[in-house]
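Working notes, beginning with the structure itself.
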Protein chains: 2
Amino acid sequence: MASRSEDEQTWTIREVAEEFGVTHRTVRHYEELGLITPERRGTTRVYRRRDRTRLGLILRGKRLGFPLDEIRTIIDLYDAPRGRRSQLEYVLGQIDERRADLEQRRRDLDDALTELARFEERCREDLSRIPR
Amino acid sequence: MASRSEDEQTWTIREVAEEFGVTHRTVRHYEELGLITPERRGTTRVYRRRDRTRLGLILRGKRLGFPLDEIRTIIDLYDAPRGRRSQLEYVLGQIDERRADLEQRRRDLDDALTELARFEERCREDLSRIPR
DNA sequence: CTTGACGTTGACGTCAACGTAAAGCAGCAT
DNA sequence: ATGCTGCTTTACGTTGACGTCAACGTCAAG
C-alpha cells in the first residue's frame with residue numbers, strides 16, 4: 001500500500017506508440033527534436049503521464065497541420081517558467097499570437113465547411129432532377 | 001459595347017504569384033502536380049479566373065494542413081462531372097468524408113482554443129498576484 | 001541589333017518528418 | 001549456455017514541397 005508519492009505509473013516506448021497509433025521511430029524522432037524527454041531506467045526509456053500529455057498535444061498539433069518545431073514552442077509555452085512579471089507578460093503575448101493563428105485557421109475551416117455545404121446542396125438538387 | 005463572351009481577363013504567372021504571395025516556382029509546382037492547368041498563348045502560361053479560384057482553394061487547403069495530392073482530389077471534386085446518378089452519389093459520398101475530416105479538425109481546433117483560454121486565465125491570475 | 005525584363009524547361013539541392021535496415025545489449029525461459 | 005524478445009543506437013533512404021541554378025526563347029525599348 002505504501003502511500004508515498006507513487007503516482008509513478010510508467011510506460012514503455014512500444015506502449016505509448018501503440019496507444020497513440022504511431023511507430024516507436026516517430027516517438028524517438030520527437031525526442032530527438034526535444035519535444036518529449038522521457039527518463040531512463042538504465043538505458044531504457046521510461047514514459048510518464050507528462051510525456052503522454054505532451055505526445056497528445058504534439059499529435060493534435062500535427063492534425064492541425066503545424067510543423068514540429070512550432071509545436072515545440074507551443075507546448076514548451078505551457079511548461080515555461082512564469083515566476084517573474086516579465087516572463088508572464090511574454091507568455092501572455094505568445095498566447096495572443098497563438099490565438100490569432102488558431103482563429104485564422106478556424107475561419108478557413110468554417111469557410112471550407114460552408115462551401116462544402118453549398119456544394120452538397122447543389123448536388124442534391126441535381127440529383128432530385130434526375131429521374132428513377 | 002460588344003457583348004460577346006469576353007469575360008476573358010487573364011493574368012501572367014508573376015501576377016498571380018505575387019497576388020497570392022507565393023513564388024512562380026510554387027505555381028509551376030502546382031501545375032506539375034495537376035492542381036491547376038493554365039492555358040498557353042504560344043509557350044506562355046495564361047491564367048484565368050478559374051485558375052485563380054483553384055489557387056485560392058489550394059492555399060487555403062495548405063493553411064489547413066492538407067497535403068497537395070489530397071487537395072487535388074478535393075478541388076477536382078468541385079469540377080467533377082455530375083451527369084449521371086451514380087456519379088452524383090459518388091460525389092455526395094466524397095462530400096461526407098470531407099466533412100467528417102473537417103469537423104474532426106474543428107474539434108481539435110476548438111479544444112486547442114479552449115485550452116489556450118484556460119491557460120491564459122491561469123497566467124492572468126498569476127500576474128495579478130505579483131506586486132508592483 | 002543588342003539589351004533587359006520576363007517567360008520557359010530541365011535538373012539538382014534542401015529541409016522536414018519520418019522509414020528502414022544493421023548491429024548490439026539485457027533479461028529470462030528453456 | 002543458448003536462444004528469444006524487446007529495447008537501444010547508428011546511419012542511410014524516402015517522400016513531399018518546394019528552392020535554386022543554368023541555359024535558352026521572346027518581345028518591346030533604346
Side-chain angles (χ1 to χ4, degrees), chain A residues 8-48 51-52 54-76 101 105 108 112, chain B residues 8-48 51-52 54-76 101 105 108 112:
Chain A
E8 297 306 338
Q9 186 169 0
T10 62
W11 293 264
T12 173
I13 191 168
R14 292 281 173 190
E15 287 167 353
V16 294
E18 275 184 30
E19 179 173 351
F20 284 91
V22 296
T23 70
H24 67 293
R25 181 65 182 86
T26 298
V27 178
R28 281 190 38 233
H29 183 58
Y30 296 159
E31 183 179 349
E32 287 171 13
L33 298 185
L35 286 151
I36 42 183
T37 50
E39 298 170 17
R40 302 291 179 116
R41 190 122 54 214
T43 175
T44 298
R45 278 168 250 261
V46 174
Y47 296 84
R48 294 161 128 81
D51 301 304
R52 296 172 19 117
R54 290 179 71 100
L55 191 48
L57 290 174
I58 294 166
L59 295 178
R60 192 183 64 193
K62 284 210 58 188
R63 288 197 299 274
L64 293 175
F66 289 99
L68 289 179
D69 57 348
E70 195 166 345
I71 291 175
R72 180 179 46 199
T73 72
I74 298 172
I75 64 183
D76 280 354
D101 190 347
R105 270 162 205 262
D108 284 332
Chain B
E8 298 306 338
Q9 185 170 2
T10 62
W11 292 264
T12 173
I13 190 168
R14 291 281 174 190
E15 288 167 352
V16 295
E18 275 183 31
E19 178 174 351
F20 284 92
V22 298
T23 70
H24 66 295
R25 180 65 181 88
T26 299
V27 177
R28 279 189 39 229
H29 184 56
Y30 295 159
E31 184 180 348
E32 287 172 12
L33 299 186
L35 286 152
I36 43 184
T37 50
E39 296 171 18
R40 300 293 178 117
R41 189 120 56 212
T43 173
T44 299
R45 279 169 250 258
V46 173
Y47 297 84
R48 294 161 128 81
D51 300 305
R52 296 170 21 117
R54 290 179 72 100
L55 190 48
L57 290 173
I58 295 166
L59 296 177
R60 191 183 65 192
K62 283 210 58 190
R63 288 198 300 275
L64 292 175
F66 289 100
L68 289 179
D69 56 349
E70 196 166 345
I71 292 176
R72 180 179 45 198
T73 72
I74 299 171
I75 64 184
D76 280 352
D101 190 346
R105 271 162 204 261
D108 283 332

Q.
Rounded to whole Å, how long is the line connecting atom CZ of B:Arg72 with atom P of D:dG16?
A. 11 Å
Q | Within residues 22-31 of chain A, residues whose heavy atoms come under 4.0 Å of DNA chain C | A | A:Thr23, A:Arg25, A:Thr26, A:His29, A:Tyr30
Q) Is the distance from OP1 or OP2 of D:dC7 to the nearest side-chain N or O of A:Thr12 less than 4.0 Å? A) yes
(Q) Are B:Phe20 and B:Arg52 packed together at the side-chain level, in the sense that at least one heavy-atom pair is separated by less than 4.5 angstrom? (A) yes
Q | N or O in side chain of B:Lys62 less than 4.0 angstrom from D:dC18 OP1/OP2 | A | yes
Q) Given atom CG of A:Asp69 and atom C1' of C:dA17, what is their separation to the nearest angstrom? A) 11 Å
For residues 59-68 of chain B, run the donor-acceptor check on the side chains, cut-off 3.5 Å, and write out each pair with its distance to 0.1 Å, sequence neighbours left out.
unit_1: B:Arg60; atom_1: NH1; unit_2: A:Glu115; atom_2: OE2; d: 3.1
unit_1: B:Arg60; atom_1: NH2; unit_2: A:Glu115; atom_2: OE1; d: 3.2
unit_1: B:Arg63; atom_1: NE; unit_2: A:Asp108; atom_2: OD2; d: 2.7
unit_1: B:Arg63; atom_1: NH2; unit_2: A:Asp108; atom_2: OD1; d: 3.0

**Q.** Distance in Å, B:Gln9 CD paired with B:Tyr47 OH, rounded so as to fall on 0.5 Å steps
**A.** 15.5 Å
(Q) Do A:Leu33 and A:His29 have side chains that approach each other closer than 4.5 Å (heavy atoms only, starting at C-beta)? (A) yes
Q) Rounded to whole angstroms, how far apart are CG on B:Leu59 and C1' on D:dA17? A) 13 Å
Q) Rounded to whole angstrom units, what separation is found between the CZ atom of A:Arg40 and the C1' atom of C:dA26? A) 15 Å
Q: Please state how far atom CZ in A:Arg41 lies from atom P in C:dG27, giving the value in whole angstrom units.
A: 13 Å
Q.
Just verifying a value: how many Å separate A:Glu39 CD and A:Thr10 OG1, rounded to the nearest 0.5 Å?
A. 9.5 Å
Q. In whole Å, what is the span from the CG atom of A:Leu33 to the P atom of C:dC18?
A. 9 Å
Q. Any idea which of C:dA17, C:dT8, D:dC7 is nearest the A:Thr44 side chain?
A. D:dC7
**Q.** Neighbour count >12 (heavy atoms, 6.0 Å) for atom CZ, A:Arg40
**A.** yes
Q | Distance, rounded to the nearest Å, where B:Tyr47 contributes OH and C:dC6 contributes C1' | A | 13 Å
Q: Mind calculating the distance between CD (B:Glu18) and P (C:dG7) to the nearest angstrom?
A: 9 Å
(Q) Applying the side-chain contact (heavy atoms from CB on, under 4.5 Å) criterion to B:Leu35, which one of B:Asp69, B:Leu55, B:Ile71 satisfies it? (A) B:Ile71
